[in-house]
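Notes follow once the structure below has been shown.
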Amino acid sequence: MSLFDRMTTSPEAARQYREFCISKKREVWEALIQYSKQAKHIEKVYDMTTVLQRVQQECLVFALDNGIGNPDVHHAAELIFPLSMQKVVIQVLRPYFLSHWANFRLAGYNPIRKIDHGIDLNEDLWTDQKKERNQQYVHDFTAFVNELKTGIVNANRHINAAVSLYIRELAASMVMHEKQAFDNELRCSMLQEYMESLRIWADAMTLQDAYHLVSDQIYKDVFQMLSKNAYEMVAVQFPQKFREIITMKYCLMKTGNYGRDALTKRLIFSVETNLLIASVDTKTILQAYASCVEALREMDSSCVVMHKVCGVIREYLKRRPDTVQQIITYITSSKKNELEKDMSKTVRSAMMDEEELRGVNDDFLPENMECKGWDTWTPNPTDANVGDGAPGRQGVDVFNMLVSVYGSKELFVKEYRNLLAERLSGSDKKDAFFEKRYLDLLKLRFQYSELQHCEVMLRDVMQSQEIDCRCENVRELTPGMIPVSGCVASSHYWPKLEHETTTKELADLYPPSLLAAVAAYEGMYAMNKRDRKMFVYKCVGCMELEIEVDGVKIERTIPNAFAQALLLFLEKENPVISSDTWSLTKNAAGILPNQAGAPEVADDEDVEPEENSDMVDALEQYWGYTKNYIANHSPNGEVKAERMHRVYRMFGSPTSAGPSIDHVTAFLQRKVALGLLTCINGSYRVVEEKKKANENPEGQ
């Protein structure tokens, strides 16, 4: 049955009605285009509404006069506004609805509202009279919308799609304005304000469906826009970009985690490209690792993204030789204040190894068997790693993730014990009370038996401080006695201390004043610990001295071995040394070179360290790393020996001395001699393979 079979039995009448409707098409379209240019005036909107009503009335009258009957107005609409012209209809109606939006915003403008912050509105546009006119525009515009939906235009087929596009366009405009006005940052509260304003606007026009059709897509658009800078937000600029992280979290919640998998892949690619490269030192990687843990935990409450991204960083860190030392230093020094807060918020009374939790159903752990929260239980996300339970996946923090790099908590405890021993025995600024507080926090994450040795070490230090106080009282009664502060270590609980063995000659030449002070300390210890015997490591620790160099007095804290050597020179009647054979000065050229037995002083460039030492040979194991580090070092691929010296020092354990600057220089010069590096003005650069081939062509 054709369009007109239900209206008339006369084909001629049907043809005439069709021609009449088509003749009105031009009139309606010209009016729509003409009045759209002045749509900000409600009078022009009235005029357009009148045109639509008049054309509809004329079509009905023509049908009645020609015996067609009472046709549905939608039949005429199919001729005037065919469905194939939807894009054109959307474009023509755009000025009307955007003008309505402008009046809607002005009608509700209030500088106190968040949504109106940052808008510099002319006071002439914000008066009571203007506000009433804006409110009247919003109210009267409803008649135009109703005529579009139910009248001759029958734009109901077009209008939801049209208004949805307008809402999406307005949302994008407001989001960009927010970022420009507030330091390129999109706050979640402002996004919520914008979306709520758009929803109310759609409700005011009785077009709620248009908002619901596009709201989900707007959140997806915002998430995709923010995802482009996700690496900078989570790894570089966190917590400065905390509010945008919350915005991304809100978008994930509103869209059912749309884009989470794409975000994970983007972050992994950015991490592998910008972070996990040889030119980035381990400390920087650890800082980015900790930032990723905190930021991604906040963004994604399921922690799926965090475990996937941080898992890539963790596997890379395990291959770096200095990771163990850097992590323990980072936890106990660089980030100790922040981690103290996290460590007090524990999920379990003791930590479990990553391997212990792999494949375990967390719902059957003892602490989760009380059946609390069963009504809020949700299954694991579909993109979660197989075998990861929700409590184990979500119950981690920065501390857990850093410790997980070790692979087992035993390795972490062992390294922490070594570092604690070094701090308590070799540092002049040891803080036993801080170490005790930090150890108490560690007990929240580890079992007591795992930290028992550290507990005994701290108890030894505190008891040593009590002996120090008693020795100080004795020293006050003995003028000239050197003050001594000791650290008594229980040999069964402390790790083996690395110390330099002194030669017999140096031990025999200890100054009597220093020997007397040490003997007094041993006596005081014997009085307090009658059942124990103390052995003194005379080369472990440090000493505070006032040294006069070239007439300038300076205070320094230096290792005991160096201090003992200096104290020997204070013994004027010592037969081994005299003022004629030694001099303390910064300027080696000031020493008389013509004294008997005095060696000639050569220039620094002529003095080379012993290249065949064991330490230089030990650096050969790092040649591959060294080559990549220098080649990728910004900005021009050049590195000085001092920089490599700092890098090599990180490769050793906290208690080892590591290579000296002379060892590093000798190692790099060895590579220069082999043609693998070049050295210009003290800067080393890797020799390119093509350049080497050109310099040494085959057959020459």
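Side-chain atoms are counted along with the backbone in the values below, which use heavy atoms only and exclude waters and symmetry mates.
- Between the side chain of S485 and the main chain of D468, no donor-acceptor pair closer than 3.5 Å is present.
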Handout entry: Residue pair R670, D617: steps toward the salt bridge (Lys or Arg N to Asp or Glu O under 4.0 Å) verdict
Key = CA-CA 10 Å; R670 176 188 293 180; D617 293 336; 3.1 Å; yes
Handout entry: Residue pair R320, Y625: steps toward the side chain to side chain contact (heavy atoms under 4.5 Å, CB included) verdict
Key = CA-CA 10 Å; R320 282 214 168 187; Y625 174 84; 3.8 Å; yes
Practice task
Start with the C-alpha gap between W623 and L676, add the side-chain angles, then the distance that decides, and say whether side chain to side chain contact (heavy atoms under 4.5 Å, CB included) holds.
Solution key: CA-CA 10 Å; W623 166 239; L676 302 176; 3.7 Å; yes
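- With a 4.5 Å cut-off on side-chain heavy atoms, I285 and Y316 count as touching.
- Atom CD of residue Q287 and atom CD of residue Q326 lie 9.5 Å apart, to the nearest 0.5 angstrom.
- No donor-acceptor pair under 3.5 Å is formed between the side chain of E294 and the backbone N or O of S291.
- Within the model, atoms CG of L420 and CE of M457 stand 4.0 Å from one another, a figure rounded to the nearest 0.5 Å.
- Nearest heavy atoms, I268 versus K308: CD1-O, 4.1 Å.
- With hydrogens and angles left out, the side-chain atoms of Y493 and D460 include no donor and acceptor closer than 3.5 Å.
- Of all the heavy atoms in R260 and S302, the pair that sits closest is NH1-OG, 2.9 Å.
- In terms of heavy atoms, R297 sits closest to C303 at CG-SG, 4.0 Å.
- The side-chain heavy atoms of D281 and V647, taken from C-beta on, include no pair separated by under 4.5 Å.
- With contacts defined as side-chain heavy-atom distances shorter than 4.5 Å, the pair W494/C454 does not qualify.
- The distance from the CD1 atom of I661 to the CD atom of E642 is 4.5 Å, given to the nearest 0.5 Å.
- Counting heavy atoms from C-beta on, the side chains of L276 and V280 never come closer than 4.5 Å.
- Counting heavy atoms from C-beta on, the side chains of H453 and V413 never come closer than 4.5 Å.
- When every heavy atom of I277 is checked against every heavy atom of E272, the shortest pair comes out as CG2-O, 4.0 Å.
- Between A641 and T665, the shortest heavy-atom distance links the atoms CB-OG1, 3.8 Å.
- Note: S279 OG to I630 CD1 = 12.0 Å, rounded to the nearest 0.5 Å.
- H307 contributes no side-chain N or O that, together with a main-chain N or O of V304, makes up a donor-acceptor pair within less than 3.5 Å.
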Handout entry: side chain to side chain contact (heavy atoms under 4.5 Å, CB included) evaluation trace for L296 with L267
Key = CA-CA 11 Å; L296 295 177; L267 282 174; 3.9 Å; yes
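- Atom NE2 of H645 sits about 9.0 Å away from atom CG of D662, to the nearest 0.5 Å.
- Taking 4.0 Å as the cut-off between side-chain N and carboxylate O, R417 and E450 do not count as a salt-bridged pair.
- For Y684 and Q669, the side-chain atoms include at least one donor-acceptor pair closer than 3.5 Å.
- We find the OG1-CD distance between T626 and Q621 to be 10.0 Å, quoted to the nearest 0.5 Å.
- Residues E298 and M306 fail the side-chain proximity criterion, which asks for heavy atoms closer than 4.5 Å.
- L619 places a side-chain heavy atom less than 4.5 Å from the side chain of P659.
- With hydrogens and angles left out, the side-chain atoms of R459 and S490 include no donor and acceptor closer than 3.5 Å.
- For the pair K640 and S683, the tightest heavy-atom approach, listed with the atom from each and the gap, is NZ-OG, 3.4 Å.
- Under the 4.5 Å side-chain criterion, counting only non-hydrogen atoms from C-beta, V456 is not in contact with H492.
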Problem - Derivation and outcome, side chain to side chain contact (heavy atoms under 4.5 Å, CB included), residues F667 and Y648 - result: CA-CA 12 Å; F667 173 67; Y648 292 145; 3.4 Å; yes
Exercise for the section: Apply salt bridge (Lys or Arg N to Asp or Glu O under 4.0 Å) to the pair D300 and K249, showing each step before the final yes or no. Expected result: CA-CA 6 Å; D300 175 26; K249 176 180 181 179; over 6 Å; no
